[in-house]
Amino acid sequence: MTMKIGNDADLIYKQGGIMAYIKKKSERRFKITVCNGYKVNGQKRMKAQTITVPPEVPKRGIQQYVMAEAERIEKKFKYGIEESDQTHFDRYAEAWLNRQKPYFKATTLAGYRRNLEIVYPIIGGIPLAKIRPLTLEEMCEELRKRPGRNGNQIKECTVQKYLETVSSVLEDAKKNDIIPFNPAHRVRKKFAEKEKQHIPQKYEMQRLLKIIMDEPILYKAYYTMAIATGLRRGELCALRWKDITGPFEFTIRHSRSCVAGQGIVESDTKNHRERIIVIPAQVWEFLMSPRHWQTIRSGKPENNQPIFTDLDGHVPNPDTFTRHLRKLYAKNGFPKEYHLHTLRHYYRQRAMNAGWQETGYLILKVDSPNGYKPVFTSEEVRHARSAVNQLRNKKIQQGQYTDATDDMLLKLADVPTFRRM
């Protein structure tokens with residue numbers, strides 16, 4: 001650190017990449033000017049702020065206080081934050097959450113906040129500079145002592161989720177040059193056994209379908225749509241009548257979820273992409289049946305109205321469909337591990353057994369002994385979509401469309417096979 005005192009009692013403060021001009025206005029008032037690079041025309045980017053040293057700071061500590069304020073103002077101007085390595089973890093984490101609001105979905109942000117509130121009592125009051133790998137290992141040991149759901153011991157994969165959340169905060173502090181490294185990356189982790197996916201057998205799904213057929217039309221349409229398309233719960237709840245883009249065809253654009261403290265929140269899909277799905281004719285009839293009854297009771301639904309509503313047009317909470325299906329599982333002797341997302345697992349397994357292979361967000365079919373092509377150009381995708389849609393619409397008009405028609409159409413079109421989940 002260098003400091004120069006000029007004839008006019010001005011100070012030039014330099015430390016690392018920080019440079020500040022300090023002008024003394026009175027005994028306890030100082031004007032601090034910081035620089036952050038140059039404009040296009042060659043002028044410096046300058047920002048000035050006048051501070052007043054609190055009376056509780058002794059005279060011998062005024063200079064040190066002013067230097068610390070100069071560093072804080074420079075960081076705020078340069079990085080948009082004013083925290084230092086002495087900032088406590090909980091304060092920095094809260095500021096980090098606020099900065100992530102434009103980038104995270106509400107449910108993701110709520111999950112991060114929930115995890116951080118659990119670790120705050122353990123490491124929240126520790127300055128960032130004093131958090132070491134050993135500190136985080138001790139935090140994990142404390143978390144392992146916490147009771148999980150129904151009083152059972154917390155799982156190791158859950159402990160590692162808490163650690164990953166802490167790591168995200170510390171990585172942001174490292175990126176902003178507040179700490180030299182991320183201590184979470186040096187933590188020794190215990191082996192976490194992955195939770196086994198429970199996928200229903202075909203005979204179980206056939207039995208479930210028979211049970212669903214006796215349910216009210218709202219649940220019948222919702223669950224058969226989930227089985228036939230593999231859509232997520234939130235995507236199904238967010239479907240609107242305007243999302244019907246063709247015969248038996250929907251465009252998936254949004255997702256709806258329940259966030260604590262905010263209620264029902266709607267956002268884009270999990271992978272932030274739109275996709276088109278085609279449903280079997282029987283499921284289409286189930287969807288049109290509640291629309292018919294709504295028209296009779298309360299008039300024709302608006303195009304912007306959600307599809308899955310009761311007969312009076314009220315939109316159920318997404319948890320309603322989860323709880324109702326769990327009751328059906330329990331009542332009819334299905335394994336307790338089954339839930340609503342299990343229907344999506346079954347759809348994916350059925351697709352893969354039929355020859356589809358998963359690569360990221362794309363489910364690609366093996367069309368030749370040489371395997372599949374993992375990447376398509378935009379021109380290939382446009383050509384495939386256009387050709388397949390033309391053939392599909394022709395089959396629909398002829399009344400020849402069935403649940404297995406897509407595979408045949410893709411072979412007739414002689415184009416790369418693709419489908420987004």
Side-chain angles (χ1 to χ4, degrees), residues 100-112 168 197 222 225-259 264-280 283-284 287 303-308 318 321 340-352 354-367 372-393 406-407 409-410 413 415-421:
Q100 304 311 310
K101 285 182 179 178
Y103 310 105
F104 287 168
K105 295 177 66 173
T107 49
T108 305
L109 202 64
Y112 275 122
S168 298
Q197 267 191 6
Y222 187 93
M225 183 80 166
I227 295 171
T229 63
L231 291 177
R232 301 176 178 89
R233 183 186 78 167
E235 294 170 345
L236 285 165
C237 293
L239 275 179
R240 302 177 185 275
W241 294 113
K242 68 178 182 181
D243 293 329
I244 299 177
T245 51
F248 308 131
E249 184 178 279
F250 288 83
T251 298
I252 309 304
R253 300 185 177 96
H254 300 101
S255 180
R256 180 176 293 171
S257 54
C258 185
V259 181
I264 306 300
V265 177
E266 189 166 310
S267 59
D268 57 354
T269 61
K270 184 176 180 179
N271 55 20
H272 312 290
R273 298 177 182 178
E274 294 184 2
R275 64 187 189 277
I276 296 175
I277 62 167
V278 176
I279 64 174
V283 179
W284 178 269
L287 290 178
N303 284 339
N304 199 42
Q305 181 177 329
I307 291 177
F308 295 104
F321 298 103
L340 180 54
H341 203 72
T342 303
L343 304 182
R344 176 173 169 83
H345 294 166
Y346 173 78
Y347 174 84
R348 186 180 66 173
Q349 186 66 37
R350 185 186 66 177
M352 294 177 70
W356 302 80
Q357 292 197 8
E358 185 175 16
T359 56
Y361 295 123
L362 288 176
I363 303 297
L364 310 177
K365 186 174 180 182
V366 180
D367 284 331
Y372 58 86
K373 187 176 181 182
V375 178
F376 297 129
T377 66
S378 58
E379 185 61 33
E380 285 177 320
V381 170
R382 283 195 296 270
H383 173 55
R385 177 169 294 175
S386 174
V388 170
N389 283 342
Q390 288 177 13
L391 288 170
R392 180 187 293 122
N393 292 336
D406 273 352
D407 286 346
L409 293 178
L410 290 164
V415 293
T417 305
F418 71 98
R419 180 175 292 176
R420 282 213 176 105
M421 290 289 282

Inset, instruction - Output, in order, the C-alpha distance, side-chain angles, deciding distance and verdict of side-chain contact (heavy atoms from CB on, under 4.5 Å) for L287 and I279. - result: CA-CA 10 Å; L287 290 178; I279 64 174; 3.7 Å; yes
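- F308 is linked by a ring pair (Phe, Tyr, Trp, His ring centres under 6.0 Å) to Y222, counting only residues two or more places apart in sequence or in another chain.
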Tell me which donor-acceptor pairs under 3.5 Å the side chains of residues 101-109 have, and how far apart each pair is, sequence neighbours excluded?
from, atom 1, to, atom 2, distance (Å)
K105, NZ, D268, O, 3.1

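- Shown here for R253 and K242, the closest heavy-atom pair between the two residues is NH1-O, 4.1 Å.
- For N303, the side chain to side chain donor-acceptor pair (under 3.5 Å) test picks out no residue, with sequence neighbours left out.
- Side-chain contact between L231 and L239 is present, with heavy atoms from C-beta onward closer than 4.5 Å.
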Inset, instruction - Evaluate the side-chain contact (heavy atoms from CB on, under 4.5 Å) criterion for residues M225 and I277: first the C-alpha distance (whole Å), next the side-chain angles of each, then the deciding distance (0.1 Å), finally the verdict. - result: CA-CA 11 Å; M225 183 80 166; I277 62 167; 4.1 Å; yes
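- With sequence neighbours excluded, the residues that form a side chain to side chain donor-acceptor pair (under 3.5 Å) with T251 are T245.
- Every residue meeting the side chain to side chain donor-acceptor pair (under 3.5 Å) condition with T269, not counting sequence neighbours, appears here in chain and number order: N271.
- For the atom pair I244 CD1 and W284 CH2, the distance stands at 4.0 Å (nearest 0.5 Å).
- Atom CG of L343 sits about 9.5 Å away from atom CG of L236, to the nearest 0.5 Å.
- Using a 4.5 Å heavy-atom threshold, the side chains of Y347 and I227 count as separate.
- When all heavy atoms of W241 and P306 are compared, the pair lying nearest together is NE1-O, 3.9 Å.
- Partners of E266 under the side chain to side chain donor-acceptor pair (under 3.5 Å) rule, at least two apart in sequence or in another chain, are R240, R256.
- Nearest heavy atom pair, residue A228 against residue P280, reads CB-CD, 3.9 Å.
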Inset, instruction - Decide yes or no on side-chain contact (heavy atoms from CB on, under 4.5 Å) for R233 and H341, but give the supporting numbers first. - result: CA-CA 7 Å; R233 183 186 78 167; H341 203 72; over 6 Å; no
